[in-house]
Amino acid sequence: KRKETYLSRDFRETAALRFPAQAKELNTAFDMRLNALLAENVDASKEKQYHLKRQILPGIAAYETLQRVMPKEEALQIVHGYVERLARTSHKQLAALLHIPGLYRLVPGVFVKSTRSIFGPAAGFAPKELQTGNGVWRVDMMKCPYHDTCTEYGCPELCRCFCDSDDISYTGLHPKLIWERSMTLGVEMTAVILHEGPIQPNAKVACWYGEKEGHMKVDDGISGAVWV
């Protein structure tokens, strides 16, 4: 039996609580759609399957199935709520862990390693590393399977749920850790940074929009450093 994801569990809860008379029908429709999506993506790499099975495809199946009983905009809000709830739990757990003195200094390095292993080319991502080291993780994500798959299935707006979950999970984890992003592929463009240090106002930064380089003034957390 296929392992339930947090998205499938939350979908079934919504069906049971809000649409009890139609819950069985909705669950069947969800399972059929998810099975079809999984079958269509069976040849994806093991690394990409991690993202497809855990979040992307269950999210698409839930979003499409909910539209049988509610407007598209409401269905999007419901799925966003599923992802947001998990992200807030993750944030709480990470923030508690970072109460350990000095542990926050390891976080940028952990992001470098996880990006290369979980969010690398084998999984369908194309990270362009701009700065790694000295307490900084700065990357421009040129390609993302969340964006690509949602777009392929006609629901690019769903990608925003997953983009927002990163911001919820990582913003404000620790007073000396700063998470910033100049939008995402799900919202036109992407570039992210995580670093430690005090805020330096009006720092000059390099900002990439796809392959085009521009400049803008923003608050920067490391004196003399540029970030996106």
Side-chain angles (χ1 to χ4, degrees), residues 44-45 47-52 54-56 59 80 83 87 90-91 94 104-152 155-174 176-228:
S45 67
E47 293 83 358
K48 188 175 181 179
Q49 289 283 5
Y50 171 82
H51 300 276
L52 291 171
R54 181 175 176 268
Q55 295 204 105
I56 303 173
H80 193 288
V83 182
S90 175
H91 180 278
L94 288 169
Y104 75 91
R105 294 182 180 278
L106 300 178
V107 174
V110 170
F111 270 71
V112 172
K113 291 180 180 178
S114 67
T115 298
R116 291 172 180 172
S117 61
I118 303 174
F119 302 95
F125 295 87
K128 179 181 179 182
E129 293 185 350
L130 305 176
Q131 185 177 354
T132 58
N134 297 320
V136 180
W137 172 71
R138 187 165 63 98
V139 62
D140 194 352
M141 195 63 74
M142 311 299 294
K143 182 177 173 63
C144 169
Y146 289 81
H147 171 266
D148 294 346
T149 308
C150 288
T151 300
E152 177 185 350
C155 52
E157 68 278 6
L158 187 65
C159 185
R160 180 64 179 265
C161 299
F162 304 114
C163 297
D164 287 351
S165 73
D166 291 339
D167 295 335
I168 294 168
S169 295
Y170 307 130
T171 299
L173 282 177
H174 189 279
K176 292 186 178 181
L177 278 176
I178 302 164
W179 164 270
E180 295 286 353
R181 176 156 56 180
S182 64
M183 307 182 78
T184 71
L185 284 171
V187 197
E188 298 179 359
M189 52 190 146
T190 180
V192 293
I193 177 176
L194 182 71
H195 60 77
E196 58 176 279
I199 297 297
Q200 300 288 333
N202 298 319
K204 184 77 95 175
V205 303
C207 196
W208 279 259
Y209 299 85
E211 290 294 343
K212 297 180 180 179
E213 182 177 347
H215 288 83
M216 60 186 293
K217 286 188 175 183
V218 299
D219 289 342
D220 180 54
I222 295 184
S223 178
V226 295
W227 57 273
V228 177

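Model, not experiment: these values are computed from the prediction.
- If you take CD on Glu157 and NE2 on His80, they are separated by 12.0 Å, rounding to the nearest 0.5 Å.
- Qualifying salt bridge (Lys or Arg N to Asp or Glu O under 4.0 Å) partners for Glu152, counting only residues two or more places apart in sequence or in other chains: none.
- Listed by chain and residue number, nothing satisfies the side-chain hydrogen bond (donor to acceptor under 3.5 Å, both in side chains) test with Arg54 (two or more places apart in sequence, or in another chain).
- The main-chain N or O of Ser169 is never found under 3.5 Å from a side-chain atom of Ser90 such that the two would form a donor-acceptor pair.
- Ring geometry for Phe111 versus Trp179: interplanar angle of 30 to 60°, hence tilted.
- Rounded to the nearest 0.5 angstrom, Thr149 OG1 and Gln55 CD are separated by 12.0 Å.
- Using bins of under 30°, 30° to 60° and over 60° for the plane-to-plane angle, the ring pair His51/Phe119 lands in the tilted bin.
- The structure places CG of Leu177 at 9.5 Å from CZ of Arg105, a figure rounded to the nearest 0.5 Å.
- What you find for Ala44 and Lys48 is that their closest heavy atoms are CB-CD, 4.1 Å.
- Summarising the geometry of Thr151 relative to His147, their closest heavy-atom pair is OG1-O, 2.8 Å, with the distance given to 0.1 Å.
- Using a 4.5 Å heavy-atom threshold, the side chains of Val110 and Lys113 count as separate.
- Distance check: Asp140 CG to Glu129 CD gives 11.5 Å after rounding to the nearest 0.5 Å.
- Between Thr115 and Met141, the closest heavy-atom pair is CG2-CE, 4.4 Å.
- For the pair Arg116 and Ser114, the minimum side-chain heavy-atom distance is 4.5 Å or more.
- Looking at heavy atoms from C-beta onward, Ile118 lies in side-chain contact with Tyr50 at the 4.5 angstrom threshold.
- Residues meeting the ring pair (Phe, Tyr, Trp, His ring centres under 6.0 Å) test with Phe162, sequence neighbours left out: Tyr146.
- Minimum interatomic distance between His91 and Thr171 (heavy atoms only, all atoms of both residues): NE2-O, 2.9 Å.
- Residue Pro121 comes nearest to Pro127 through the heavy atom pair CD-CD, 4.3 Å, listed as atom of the first residue, atom of the second, then distance.
- Here the shortest heavy-atom pairing between Cys159 and Cys150 reads N-SG, 3.9 Å.
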